[in-house]
Each structure stands twice: as structure tokens, then as C-alpha cells.
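Here the structure comes first, spelled out in C-alpha cells, and everything after it is commentary.
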Amino acid sequence: MIAYVVAVIGGSEGWEDIEDFGHCHLELLKKYGDFSSGIPVHDTIARIICKVDPEALQQAFISWMQETQQLTQGQVIAIDGKTLRGSYTRDDRQSAIHMVNAFSIANGVVVGQLKTDAKSNEITAIPELLALLDIQGALVTIDAMGTQVDIAHTIIDKGADFLLAVKGNQSTLHQLVKETFAAQPYDAENVTKIEANRERKEYREYQAIEAPKERVDAKWPTIQTFGKVTSYRVHKGKGTLHTRYYISSAILSAEELAYAARGHWAVENQLHWVLDVTLNEDACQISRGDGAENLARLRQATVNILKKETSKLSLRRKRRRASMDSAYLDKVINA
């Protein structure tokens, strides 16, 4: 399977691409697999990848990341889902594949993933994914869909803490958090951040206060901190105001809340955006067998490997250079 990862690193996006890449880099690929009979045709490549057991590949991916990435105390792990839009098949109306990803904010790499049939099934998939990971000591962040009692208990049972967004799907808890902040004096501890980017400017205020544990429903694990993030965004002269609320099992300062809450969205910018824009994931129309799921993992492995290469080139330029230069490609693989 490493030979196919090498092909994806080098810019391959489909079966014919992998075959063509193999012919151009045969001598390098011989270091990572048995190609004594040459490169198989693209139909054979498709059959092989589509028949690989996705659970075995998933476990191999997670084991690889656990061996190469060391979690530090309090490290933020963001859990979020992404749909492989091109995997939808109109003929048999097979739903597009939805992957739930665990992303290390500090290292910028995927540490695990799990396929689910639809976005609504993230609630059941998240505990299954967490059960596969070693997250002891981490701070796990999830958006409001994952703010569920069972998920919170799973995180605690794994020796980690949670930071969960709270919205109307947990109406009683949401109201309690809002009321608690409304009762706070105006001089409560806060951290303000300003971010400007071209025509957009955003002001964000983060507040973290001690949760009134006696008022939280006993079905929840111990909640230590309530968080509030108020953001005012100005885009092309138009302003919008948003307020978001959080609960955490950890004792967080306003600065720690700011890092974790803002860091959660790195999964969109540093993973999902990269998969779609740099690796063209949404444009991939492969849906045969387990091919879409297996290729999704190969792309995630590609992102992790490319980020380990220490040059300041963008991931797009790294892939382009790897497609043209076997020596550089070999360096990337062994970074």
C-alpha cells in the first residue's frame, strides 16, 4: 500500500494517474514494493485498492500516527466531519461517504478517522472513533452536534478533557450557560483578539468562568468551565455579530479557551480545505467498492507526510516537485 501512498504524494488522483506515475518512477517504487513484473494496469490498481479492508487500513493509519506523534498534556484534538461529495453515485443513489476526522491542532496532522454513512450519524461515529485513539491528557473539541452526554463520558473515560460547543440541541444547558454569563460583572476576565484579512476584519472576545456545578444536570460529567466567544465581523463594510457558548471539563483561562476554540477551526483550514483545494478530494468521482474510503485515507496520509517535510514550500508545490523529482520524493517519504 505504501507504493500507492507514494503515487498520491506525487500528485496522482485516480487509477490512470497512479499507473502513469508508476511508469515514471518505477525505480523509486521498487524500494517500497515488488514491481519485478512492472507496473500493473489501472484496472488492476483499482481492483486492489477497492478490495483492501478499510478497517485494517484505518487501524494501520492510527497505529502509524500513535508511533510517530506524541501527545502532550492539554494538546487540542479537534473532531469534525467531512463529506466526500464525489463519492455519491446517482445510478444507485448511494449516499456520499462522510468521514469523521480527529485532527491534532499543534502538529497539523490527522491522528484518526472513521467513515459514517451520513452527517447525522456523527453522533454515533464519534464515540467509536474516540475508542480507537489514545487521547489521554488531550483536550478534545467538538462542535454542537457532538455535544452529547455519552460523548462527554467517553472522552472522560479515555483520560482526556472536552471542550464542547453548546447550542439549542441542548436547550437547558444552553440556557444555563447564557444565564450564568448574564449574571457576571462587566469586569470579568476576558481576552480580545483582532484578525484582519483583505476585506475582512474580525474582533473576538473570549470569556471563561467557573461553572456552577450544582446547577448542571447530574447526567453530565463534571463541567468545570463555561466559555463565551463574542465575535464581530466586518466584511465589505457590513458587520455581523455572533455569540457562541462552550462547556469544558477542564479548568480553562480565557487565553486557553481562545486557543482551543479558535484552534478547533484549524481542521477546516488546515485539513478539509487542503484536501479539497490541494488534493481535489471533492472532485474525485471514485465510488466503486471501498475505493473512495481507502483513497480518502491515502490522501490524509499524504497530508501528514507532506507536512513532515521541513521546506517552506506549499503543499501544492511539494506535490508538484515530488511528481517531477524522484530524489525529492524519496526525501519526502523518509522525512
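The shortest distance between side-chain heavy atoms of Cys284 and Leu84 does not fall below 4.5 Å. No side-chain heavy atom of Ile79 sits under 4.5 Å from any side-chain heavy atom of Val267. Residues Thr243 and Val229 fail the side-chain proximity criterion, which asks for heavy atoms closer than 4.5 Å.
How far CD1 of Ile305 is from CG of Leu315: 11.5 Å, rounded to the nearest 0.5 Å. Note that the CD atom of Glu293 and the CD1 atom of Ile49 stand 13.0 Å from one another [nearest 0.5 Å]. Distance CG/Leu133 to OG/Ser104: 11.5 Å, rounded to 0.5 Å. Atoms CG and CG, from Asp325 and Leu28 in turn, are 10.0 Å apart once rounded to the nearest 0.5 Å. Atom-to-atom distance recorded for Arg299:CZ and Asn304:CG is 14.0 Å, nearest 0.5 angstrom.
Listed by chain and number, the residues in a salt bridge (charged side-chain N to carboxylate O under 4.0 Å, His left out) with Lys213 are Glu210 (sequence neighbours excluded). Under the side chain to side chain donor-acceptor pair (under 3.5 Å) criterion, His42 pairs with Glu19, sequence neighbours left out. Take Tyr245 and apply the side chain to side chain donor-acceptor pair (under 3.5 Å) test, not counting sequence neighbours, and it matches no residue.
Residue pairs meeting the side-chain hydrogen bond (donor to acceptor under 3.5 Å, both in side chains) criterion with at least one member in residues 256-267, sequence neighbours excluded: Thr141-His264, Glu195-Arg262, Ser253-Glu256. Here ring-ring contact (aromatic ring centres under 6.0 Å, His included) pairs that include residues 140-161, with residues two or more places apart or in two chains, number zero. Within the structure, salt bridge (charged side-chain N to carboxylate O under 4.0 Å, His left out) pairs that include any residue of residues 172-184 comprise Glu179-Arg215 (at least two apart or interchain). Pairs of residues two or more places apart, or lying in two chains, that qualify as side-chain hydrogen bond (donor to acceptor under 3.5 Å, both in side chains) and include a residue from residues 310-320 are Glu309-Ser311. Each salt bridge (charged side-chain N to carboxylate O under 4.0 Å, His left out) pair with one or both residues in residues 38-65, not counting sequence neighbours, would appear here, but there are none. Screening residues 127-137 for salt bridge (charged side-chain N to carboxylate O under 4.0 Å, His left out) gives no qualifying pairs among residues at least two apart or on separate chains. Applying the ring-ring contact (aromatic ring centres under 6.0 Å, His included) test to residues at least two apart or on different chains, the pairs with a partner in residues 1-37 are Phe21-His25. Each salt bridge (charged side-chain N to carboxylate O under 4.0 Å, His left out) pair with one or both residues in residues 3-14, not counting sequence neighbours, would appear here, but there are none.
At a threshold of 4.0 Å, the pair Lys31-Asp330 counts as salt-bridged, since one of the basic side-chain nitrogens sits closer than that to a carboxylate oxygen. Salt bridge status for Lys82 with Asp282: present, with a side-chain N to carboxylate O gap under 4.0 Å.
The main-chain N or O of Gln59 is found under 3.5 Å from a side-chain atom of Ser63 such that the two form a donor-acceptor pair. Listed for the Ser231 side chain is no donor-acceptor partner under 3.5 Å among the backbone atoms of Tyr203. Distance alone, capped at 3.5 Å, is enough to place a donor-acceptor pair between the Thr124 side chain and the Asn121 backbone.
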Arg244/Thr230 under side chain to side chain contact (heavy atoms under 4.5 Å, CB included): CA gap, chis, key distance, verdict
CA-CA 7 Å; Arg244 299 187 297 276; Thr230 305; over 6 Å; no

Please lay out, stage by stage, how Leu139 and Ser248 fare under the test side chain to side chain contact (heavy atoms under 4.5 Å, CB included).
CA-CA 9 Å; Leu139 178 65; Ser248 180; 4.1 Å; yes

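For Asp157, the CG atom sits in a packed shell: over 12 heavy atoms of surrounding residues, nucleotides or ligands are nearer than 6.0 Å.
Under 3.5 Å, the side chains of Thr83 and His98 contain a donor-acceptor pair of N or O atoms.
Between Val52 and Asn294 the shortest heavy-atom distance is O-ND2, 3.1 Å.
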Using atom types as modelled, flag every donor-acceptor pair under 3.5 Å from a side chain in residues 159-174 to any protein atom, sequence neighbours excluded.
from, atom 1, to, atom 2, distance (Å)
Asp161, OD1, Ser249, OG, 2.7
Asn169, ND2, Ala144, O, 2.9
Gln170, NE2, Thr147, O, 3.0

